[in-house]
Every structure is written in C-alpha cells, then in structure tokens.
Amino acid sequence: MPKKQVFIIYMFVLIYVSILCGCSQEGDLSFDVSYTIDANMDPEARSMTYTETIEIVNTGSGSTKELYFHIYGNKFKGLRQVEDGDITVLSVQDSKGNTLQWQREQEGVLYRVELAQELKPRQSVELTFDCEVLIPDLERMYGVSRDGDVQLPMFSLQLAIYDKDGWDTDPLSENGDGRYGTAADYDLTIRVPETYILTCNGDELSRETSDGITTYSYRAENRRDIVVFACKDYVLLERTVGHTTILGYFNETVNGVTPQGMDKVMDCAAFSLEYFNTIFVEYPYDTLVVTNAALGTNFSPNMEYSGLVTIVFMNGQSDELEIKTFHEVAHQWFYGLVGNDENQEPWLDEGFAEFAAGLCLDAADNTDYPYWELKAIAANGVAKEKVNVPSDEASVYQWVIYDKSAMFLKTLMDTVGQEKFLSILSDYCQKYMYDIATTEDFLEILYMGTDADLSDIVTEYIK
C-alpha cells in the first residue's frame with residue numbers, strides 16, 4: 001500500500017479512537033461558568049470560611065475528567081514566604097454527593113480536581129468547595145492593614161482557562177498581576193460583625209443586621225473576579241455617569257487620605273468613565289467602586305479589579321492622583337471587559353491602560369504634566385525590547401510593559417490619525433467584550449481599520 005494511503009488511514013483511526021475515548025483535543029474545551037459563594041468573615045479573628053458552588057457547562061466539543069482552578073489570592077502567600085495567610089480547600093463534592101479527589105499545587109494557587117465521570121459536550125457539573133481563609137498582615141493588596149482594614153481580592157476559586165496550549169497551569173510571574181480568566185457571574189452572601197462595613201465589586205442586593213451580624217448579598221455579572229473589602233469607618237461619596245453610580249469608599253484614618261483628595265479622585269473617576277464611554281464602548285455595569293488602598297507591612301499598589309479600583313493616597317499631589325485614577329479606571333476596559341493573559345501578554349492591559357490615561361490627561365487639558373515626554377524617555381531606555389513579551393522577559397517591567405507599550409499605541413494613533421485609531425479601539429472593545437484577546441487579535445482589528453502602512457512600526461515594537 002502506498003505510504004500516502006497508509007498515513008491517511010492512520011490519521012483517520014487516530015481521530016476516531018480519540019472521539020471514542022472522549023479525549024480532549026487541542027483547543028476543543030470551553031466552558032460557561034457561574035459561582036455562588038456563602039461566607040462568614042471574622043476580621044478580629046483574622047479568619048473566614050466559605051462554601052463555593054461552581055456550575056460548569058462544557059460548551060466545547062471535547063471531554064475531560066479533570067478541571068483546574070486558580071486561587072489567585074494565594075499568590076501573595078508565596079510573596080510573603082510565611083506559613084500563615086493561606087486559602088485552603090477542605091473538601092470537594094459534586095451535586096450527586098460524590099466526594100472528589102483533588103490536588104493542591106503551586107502553594108495553593110492552583111488546584112486540580114478529578115471528576116467522578118467525564119464531562120462531555122453539552123453536559124454540566126456542579127462542584128461544591130468548602131474552604132477556610134487565614135487572613136495575614138496585609139502585603140501588597142491582600143490581608144489586614146495597619147489601620148485594621150481587610151482586603152480580600154481573588155479569595156475564591158476560579159476555573160482555569162483552557163486555550164490552544166491546554167489548561168493554563170503556568171506558575172504566576174513575579175512581575176505584574178498574572179491573572180487569566182473568563183468573565184462569569186458571581187452571587188455572594190457574606191456575614192460580618194456589624195461593626196464592619198463591606199464593599200464589593202458586585203451590586204449590593206441587600207443588607208440585613210441581626211444579633212450583631214450583618215449579612216450582605218451581592219450580584220456581579222460578567223466579572224473576571226470577586227473582591228471583598230471590610231472597614232470600620234468608611235466615608236461614602238457618590239458620582240453618577242450615565243446609568244453608572246460611582247461609589248467612593250474612603251477610610252480617613254489611612255495616611256494621605258484627605259477630603260480634597262477624595263473629591264479629586266471621585267471627580268477624576270467620573271471624568272474618565274464618561275470619556276472612556278465615548279471612545280471605547282459604554283461601561284456596562286450599574287456601579288463602579290473606588291476606594292483607597294490600605295497600607296500594609298510592605299506597600300499597597302494602585303490596583304484594578306472587575307468593577308472596583310484602589311488608589312494610593314500616600315502622595316497627595318494632584319497630577320499623581322489624576323493619573324493613577326485615569327489608569328485604574330481604564331483597566332475596567334482593558335483586563336475587565338477585554339481580557340488577556342497577564343502572564344504572557346501583560347502589555348494588552350497595562351500598556352492600553354497607560355495609553356488611555358494619557359488620552360484622558362489630554363482630554364482634561366492637563367498641559368502641565370509632561371506625560372508623553374516621560375513615556376518617550378522610558379521607551380528609549382529599552383529601545384531594543386519588544387512589548388508583547390511575557391512578564392518575566394521584560395528587562396525593566398515598568399518601562400517595557402507600561403511606557404513603551406503606551407508609546408507603541410500613541411505612535412500608531414499619530415500615524416493613522418486619532419479619530420480613526422479610536423474607532424479601531426472601539427471595534428476591538430466591541431468584538432472582544434467579555435472575551436479574551438491576543439496581540440494577533442488586536443493587530444487583525446488594526447489592519448482592518450486602516451490602509452496605512454504600519455509594518456515598520458509593528459516590526460519595531462512587536463516580537
């Protein structure tokens with residue numbers, strides 16, 4: 001028999017056997033996911049317990065008998081190199097009452113769960129995790145602050161993404177945020193002593209107090225994470241932009257937080273939200289939470305979550321509060337609405353947010369701060385670097401991923417014209433809203449939106 005016929009028969013048999021076995025082929029697993037969390041927090045005891053029920057529907061063409069989950073909050077345990085401050089899974093069951101086998105990996109950042117039976121196309125499975133949280137001193141953005149605030153971002157389990165390379169099980173980078181997750185729906189019920197006030201990135205549905213305990217209920221639709229903060233004494237400010245209410249929760253005891261600073265941040269949040277609504281795509285959520293970053297044993301950065309941002313008030317200079325707020329609000333579009341792999345292509349959220357902050361400064365007529373000049377200087381310092389590199393490969397993370405990436409986008413805009421380039425960005429946001437985008441996806445939208453020859457620019461900046 002000719003070799004060509006033998007090869008064809010071999011490939012046919014291989015594909016047929018794979019189908020019979022229900023084996024997962026590359027890129028053929030995808031899921032719809034929803035999360036329901038019931039939690040009890042005791043800030044004084046630095047502990048929380050929660051039950052998380054995850055409903056998973058296999059919308060792909062392949063089958064699998066194992067699922068992977070991230071607990072991104074445990075990343076900060078690894079940074080601390082201490083024993084306390086862990087989020088631990090105690091047990092896993094499915095809806096049929098089967099106790100499932102699971103394995104903890106990468107210091108609890110990753111969990112692998114073995115299902116009782118294969119999850120086939122169009123089938124669903126419901127898993128219930130019992131978990132406990134030991135809340136440590138705050139370092140970066142997770143734990144109990146010097147002022148007694150509790151920040152618990154990304155404390156829950158999230159189904160890992162299955163992409164063309166299979167399950168996302170890569171260790172998190174030491175640089176950047178490292179998140180990589182689909183948009184999903186979250187329902188959260190959480191009880192806390194009535195002396196504490198909670199804020200969350202979801203919409204508050206109810207708040208009831210009985211016997212010294214307040215029960216909060218939240219709903220967060222199409223979010224990439226769930227976040228809970230607790231404080232004994234928040235000042236609440238509000239602004240309204242379109243259908244969105246901006247809720248400002250500020251702790252006046254934190255160093256640097258002033259009434260003037262709070263108003264400045266709220267005004268900047270409102271200005272940037274309205275501006276980005278017009279140039280990208282309208283912000284879909286009814287609320288956006290803005291709060292001050294708590295102070296920890298090391299430092300607490302400005303940070304973005306899906307529907308909530310934190311701002312550092314250590315330096316009360318007007319320009320810095322303005323730029324910080326513009327950048328973090330821009331992340332509501334780039335990472336929040338348009339997702340990306342923050343380990344492998346961090347420029348797609350940080351670079352876009354930094355570029356958007358510069359646009360917002362220009363729209364606000366802030367001509368006193370040399371924003372683009374400083375970006376150009378930093379970009380020249382890493383002239384030979386490409387922007388679409390993994391977090392760990394950038395020689396100077398800030399200069400490459402933030403500054404040079406922003407200059408790449410500005411160079412494209414200056415070449416094709418601002419109106420056309422913003423139209424391209426709007427198309428990009430609309431196509432990948434609630435989805436995951438890659439560098440190739442962005443370039444495809446870019447090339448479709450202009451006839452300009454951008455090959456030299458792209459070659460200069462893109463690997």
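Of the charged side-chain nitrogens involved, none lies within less than 4.0 Å of a carboxylate oxygen, so that Glu385 and Lys404 do not count as a salt-bridged pair. Look at Glu393 and Lys463 and you find a salt bridge, because one of the NZ, NE, NH1 or NH2 atoms lies within 4.0 Å of a carboxylate O, short of that distance. Looking at Lys232 and Asp147, no side-chain N of the basic residue comes within less than 4.0 Å of a carboxylate O on the acidic one, giving no salt bridge. A salt bridge links Arg239 with Asp263; the closest basic N to acidic carboxylate O contact falls under 4.0 Å. Taking the charged nitrogens against the carboxylate oxygens, Arg179 and Glu304 do have a contact shorter than 4.0 Å, which makes a salt bridge. Using a cut-off of 4.0 Å between Lys/Arg side-chain N and Asp/Glu carboxylate O, Arg146 and Asp137 are scored as not salt-bridged.
Below 30°, between 30° and 60°, or above 60°: for Tyr216 and Tyr218 the angle between ring planes is below 30°, a parallel geometry. The aromatic rings of Tyr397 and Tyr402 lie perpendicular to each other, with more than 60° between the two planes, well past the 30° mark. Note on ring orientation: taking the six-membered ring where Trp is involved, the planes of Trp372 and Phe355 are tilted (angle from 30° to 60°). Between Tyr285 and Tyr434, the two ring planes are tilted [angle within 30° to 60°].
Note that CG of Asn366 and OH of Tyr371 are 11.5 Å apart. Values are rounded to the nearest 0.5 Å. For the atom pair CD (Glu328) and OG (Ser272), the distance works out to 10.5 Å, reported to the nearest 0.5 Å. Atoms CG and OG1, on Leu446 and Thr439 in that order, are 12.0 Å from each other to the nearest 0.5 Å. Glu55 contributes atom CD, which lies 10.5 Å from atom OG1 of Thr128 (distance to the nearest 0.5 angstrom). Considering CD1 of Ile135 and CG of Asp86, their distance stands at 12.5 Å, rounded to 0.5 Å. Note that NZ of Lys75 is 6.0 Å distant from CG of Asp177, once rounded to the nearest 0.5 Å.
Between Leu152 and Met48 the shortest side-chain heavy-atom distance falls below 4.5 Å. At a threshold of 4.5 Å between non-hydrogen side-chain atoms, the residues Phe408 and Ile462 count as touching. Using a 4.5 Å cut-off on side-chain heavy atoms (C-beta onward), Val338 and Phe280 make no contact. No side-chain heavy atom of Val254 sits under 4.5 Å from any side-chain heavy atom of Phe313. Side-chain atoms of Pro301 and Met141, non-hydrogen and from C-beta on, do get closer than 4.5 Å to each other. At a threshold of 4.5 Å between non-hydrogen side-chain atoms, the residues Glu460 and Thr411 do not count as touching. Residues Thr64 and Tyr162 fail the side-chain proximity criterion, which asks for heavy atoms closer than 4.5 Å. Side-chain contact between Tyr249 and Leu308 is absent, with no heavy-atom pair separated by less than 4.5 Å.
Looking at Arg219, its side chain never comes within 3.5 Å of a backbone N or O of Asp203 through a donor-acceptor pair. With Ser405 contributing its side chain and Val400 its backbone, the two residues share a donor-acceptor pair below 3.5 Å. With hydrogens and angles disregarded, a donor-acceptor distance shorter than 3.5 Å links the side chain of His70 to the backbone of Asp168. For the pair Asn343 (side chain) and Ser173 (backbone), a donor-acceptor distance under 3.5 Å is present. With hydrogens and angles disregarded, a donor-acceptor distance shorter than 3.5 Å links the side chain of Asn58 to the backbone of Leu119. Using modelled atom types, no side-chain atom of Thr189 and backbone atom of Thr215 make a donor-acceptor pair closer than 3.5 Å. Between the Thr310 side chain and the Met303 main chain, a donor and an acceptor come within less than 3.5 Å of each other. Although no hydrogens or angles enter the test, the distance criterion places no donor-acceptor pair under 3.5 Å between the side chain of Gln158 and the main chain of Gly181. In this structure, the side chain of Asp341 does not engage the main chain of Tyr180 through any donor-acceptor pair within 3.5 Å.
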Q | Test log, rule side chain to side chain contact (heavy atoms under 4.5 Å, CB included), inputs Val228 and Leu188 | A | CA-CA 10 Å; Val228 174; Leu188 171 64; 3.5 Å; yes
**Q.** Worked verdict on Tyr369 versus Leu374 for side chain to side chain contact (heavy atoms under 4.5 Å, CB included)
**A.** CA-CA 9 Å; Tyr369 189 84; Leu374 294 175; 3.7 Å; yes
Q. Does the side chain to side chain contact (heavy atoms under 4.5 Å, CB included) test come out yes or no for Arg46 and Val144, once each step is laid out?
A. CA-CA 8 Å; Arg46 296 193 171 204; Val144 180; 3.9 Å; yes
Q | Verdict with reasoning, Ile311 to Leu321, per side chain to side chain contact (heavy atoms under 4.5 Å, CB included) | A | CA-CA 8 Å; Ile311 305 297; Leu321 284 177; 4.0 Å; yes
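Ring centroid separation for the pair Trp167 and Phe31 comes in under the 6.0 Å cut-off. Taking the six-membered ring for Trp, Phe69 and Phe129 have ring centres closer than 6.0 Å. The aromatic ring centroids of Phe442 and Phe334 lie 6.0 Å or more from each other.
Minimum heavy-atom separation, Ile436 to Asn340: CD1-N, 4.0 Å. Between Leu348 and Ala437 the shortest heavy-atom distance is CD1-O, 3.6 Å. Between Asn292 and Gln151 the shortest heavy-atom distance is O-OE1, 4.0 Å. When all heavy atoms of Gly351 and Leu409 are compared, the closest pair comes out as O-CD1, 3.9 Å. For Asn201 against Gly307, the heavy-atom pair with the smallest separation is CB-C, 4.0 Å. Pro153 approaches Val227 most closely through the heavy-atom pair CA-CG1, 3.8 Å.
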For residues 417-424, tabulate all N or O donor-acceptor pairs below 3.5 Å that involve a side-chain atom, not counting sequence neighbours.
none

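By the neighbour-count criterion of 12 heavy atoms within 6.0 Å, atom CD of Glu274 is sparsely surrounded, having that number or fewer from other residues, nucleotides or ligands.
In this model, a donor atom of one side chain and an acceptor atom of the other lie less than 3.5 Å apart for Gln430 and Ser426. Between Thr209 and Thr214, the side chains place a donor N or O and an acceptor N or O closer than 3.5 Å (distance only, hydrogens not considered). Side-chain atoms of Tyr72 and Asp225 form no donor-acceptor pair, as typed in the model, at a separation below 3.5 Å. Of the N and O atoms on the side chains of Asp456 and Thr459, not one donor lies less than 3.5 Å from an acceptor on the other residue.
Residue pairs meeting the ring-ring contact (aromatic ring centres under 6.0 Å, His included) criterion with at least one member in residues 184-203, sequence neighbours excluded, are Tyr35-Tyr186.
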